Amino acid sequence: KIEEILRETFPHHGMLTEESGELEGEDDARWIVDPLDGTTNYAHGLPFFCTSIALEKNGEVVLGVVHDPMAKETYAAERGGSATLNGEPLVVSSTDEPVQALLGTSFADRPEEMEVGLDVFGGFAGLVRGMRRLGSGALDLCYVAAGRLDGCYEQGFSAWDVAAGALIVEEAGGKITDYRGNGLDPEESKGLVASNGPLHPDLIRVTREYHC
């Protein structure tokens with residue numbers, strides 16, 4: 001079990017996980033772990049899910065790893081270093097026109113958040129080439145980093161869903177913010193937009209009116 005291994009190897013580190021919640025540590029370091037992102041896909045036998053692990057130091061994510069066991073792909077990044085896929089460098093796409101862009105999303109399906117999710121989806125559907133709701137926020141972010149998606153937006157996530165993927169996007173040369181274009185706080189922000197960079201202003205114009 002991931003949590004047990006990390007606890008044994010780094011006994012003084014804190015931890016934030018989907019399974020156990022917040023576990024206090026003695027150091028200024030904390031692991032942020034989602035052992036299974038894309039649970040609904042997994043339960044239905046749809047092969048699009050992953051494990052996401054991030055290391056936070058002094059409130060800043062400095063290391064991120066996302067592993068897709070079905071595709072046998074491991075995405076990794078270190079702050080100030082680079083982003084890789086199975087050891088090879090990752091670079092975001094060069095798409096600079098929304099009409100050519102393919103976006104991903106994992107907007108929440110809770111009834112109280114569905115209306116906003118559908119409104120934002122409609123706004124983007126009229127702007128870009130195509131939309132994909134794939135079912136894993138962590139992999140959406142990694143696909144942006146790999147240039148498979150030109151951008152994505154996520155709503156109703158938890159820190160363990162996006163902490164690792166957000167760093168991977170940044171280190172691959174992309175940009176990630178909240179819905180209004182401000183800095184992303186994985187624990188406090190309720191919506192995020194990730195892109196290859198050139199597309200970001202166009203994407204933010206759609207999301208910034210929503211108070212997520």
Side-chain angles (χ1 to χ4, degrees), residues 2 5-6 9-10 13-16 27-35 37-38 48-96 100-106 132 134 136-154 157-178 181-187 189 192-204:
I2 296 170
I5 293 172
L6 289 174
T9 308
F10 305 97
H13 287 192
M15 194 171 299
L16 177 65
D27 290 346
D28 57 4
R30 179 174 69 160
W31 294 96
I32 304 174
V33 180
D34 189 350
D37 185 55
F48 195 81
F49 50 84
C50 65
T51 296
S52 176
I53 303 173
L55 175 62
E56 180 185 77
K57 287 190 174 182
N58 295 315
E60 180 179 55
V61 175
V62 297
L63 180 69
V65 177
V66 174
H67 178 63
D68 178 347
M70 303 306 293
K72 298 182 179 179
E73 293 184 334
T74 301
Y75 303 82
E78 183 178 356
R79 185 166 298 281
S82 62
T84 60
L85 168 55
N86 291 346
E88 297 297 321
L90 282 177
V91 180
V92 294
S93 74
S94 58
T95 304
D96 59 3
Q100 297 297 326
L102 180 64
L103 300 186
T105 182
S106 293
R132 300 291 184 267
L134 300 173
S136 167
L139 284 179
D140 281 349
L141 291 167
C142 289
Y143 275 32
V144 173
R148 297 170 180 171
L149 295 172
D150 300 299
C152 72
Y153 71 95
E154 313 292 331
F157 54 84
S158 298
W160 48 75
D161 298 319
V162 302
L167 178 63
I168 292 168
V169 168
E170 290 180 323
E171 295 303 329
K175 185 170 184 177
I176 186 160
T177 67
D178 66 13
N182 301 317
L184 180 74
D185 183 332
E187 289 191 76
S189 301
L192 73 79
V193 178
S195 78
N196 61 355
L199 291 170
H200 215 81
D202 292 295
L203 304 187
I204 292 299

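Everything numeric in this text was worked out from a predicted model, so none of it was measured.
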Query - I176 vs L141 side-chain heavy atoms within contact, under 4.5 Å - result: yes

Query raised in the report: Between E187 and D185, is a side chain to side chain contact (heavy atoms under 4.5 Å, CB included) present by the stated rule, with each step listed?
Result: CA-CA 5 Å; E187 289 191 76; D185 183 332; 3.7 Å; yes

Query raised in the report: Just by distance, with hydrogens left out, do D140 and S106 show a side-chain donor and acceptor under 3.5 Å apart?
Result: yes

**Report entry** Atom pair CG/OG of D178 and S189 - distance to nearest 0.5 Å
**Finding:** 5.0 Å

Query raised in the report: SG/C142 to CG/L90 distance, rounded to the nearest 0.5 angstrom?
Result: 8.0 Å

Requested in this report: Give a yes or no on whether the backbone of H67 and the side-chain of E73 come within a donor-acceptor separation of less than 3.5 Å.
Outcome: no

Query raised in the report: Does the R79 side chain pair with the main chain of V61, one donor and one acceptor, at a distance under 3.5 Å?
Result: yes

Query raised in the report: Of the options V65, D68, T51, which is the one that meets T74 in a side-chain contact (heavy atoms from CB on, under 4.5 Å)?
Result: V65

Query raised in the report: So how far is it from S195 OG to D202 CG, rounded to the nearest 0.5 Å?
Result: 9.5 Å

**Report entry** CD on E56 to CG on L16, rounded to 0.5 Å
**Finding:** 8.5 Å

Query raised in the report: Is there a donor-acceptor pair under 3.5 Å between the side chain of D37 and the backbone N or O of W160?
Result: no

Report summary line: In short, N196 meets V92 closest at the heavy-atom pair O-CG2, 3.6 Å

Report task. Let me see the working for F49 and M70 under side chain to side chain contact (heavy atoms under 4.5 Å, CB included), right down to the final yes or no. Result -> CA-CA 8 Å; F49 50 84; M70 303 306 293; 3.5 Å; yes

Report task. Would you check if the side chain of D150 reaches a backbone N or O of T95 as a donor-acceptor pair within less than 3.5 Å? Result -> no

**Report entry** CG-OG distance between L199 and S94, expressed to the nearest 0.5 angstrom
**Finding:** 9.5 Å

Report summary line: Rounding to 0.5 Å, atoms NZ (K57) and CZ (R30) come to a distance of 14.5 Å

Query raised in the report: Do the rings of W31 and F10 sit parallel, tilted or perpendicular, given the 30° and 60° boundaries?
Result: tilted

Query raised in the report: Below 4.5 Å, heavy atoms only, C-beta onward: do H13 and L55 meet side chain to side chain?
Result: yes

Report task. Go through the steps for Y75 and L139 under the test side chain to side chain contact (heavy atoms under 4.5 Å, CB included), then give the verdict. Result -> CA-CA 9 Å; Y75 303 82; L139 284 179; 4.2 Å; yes

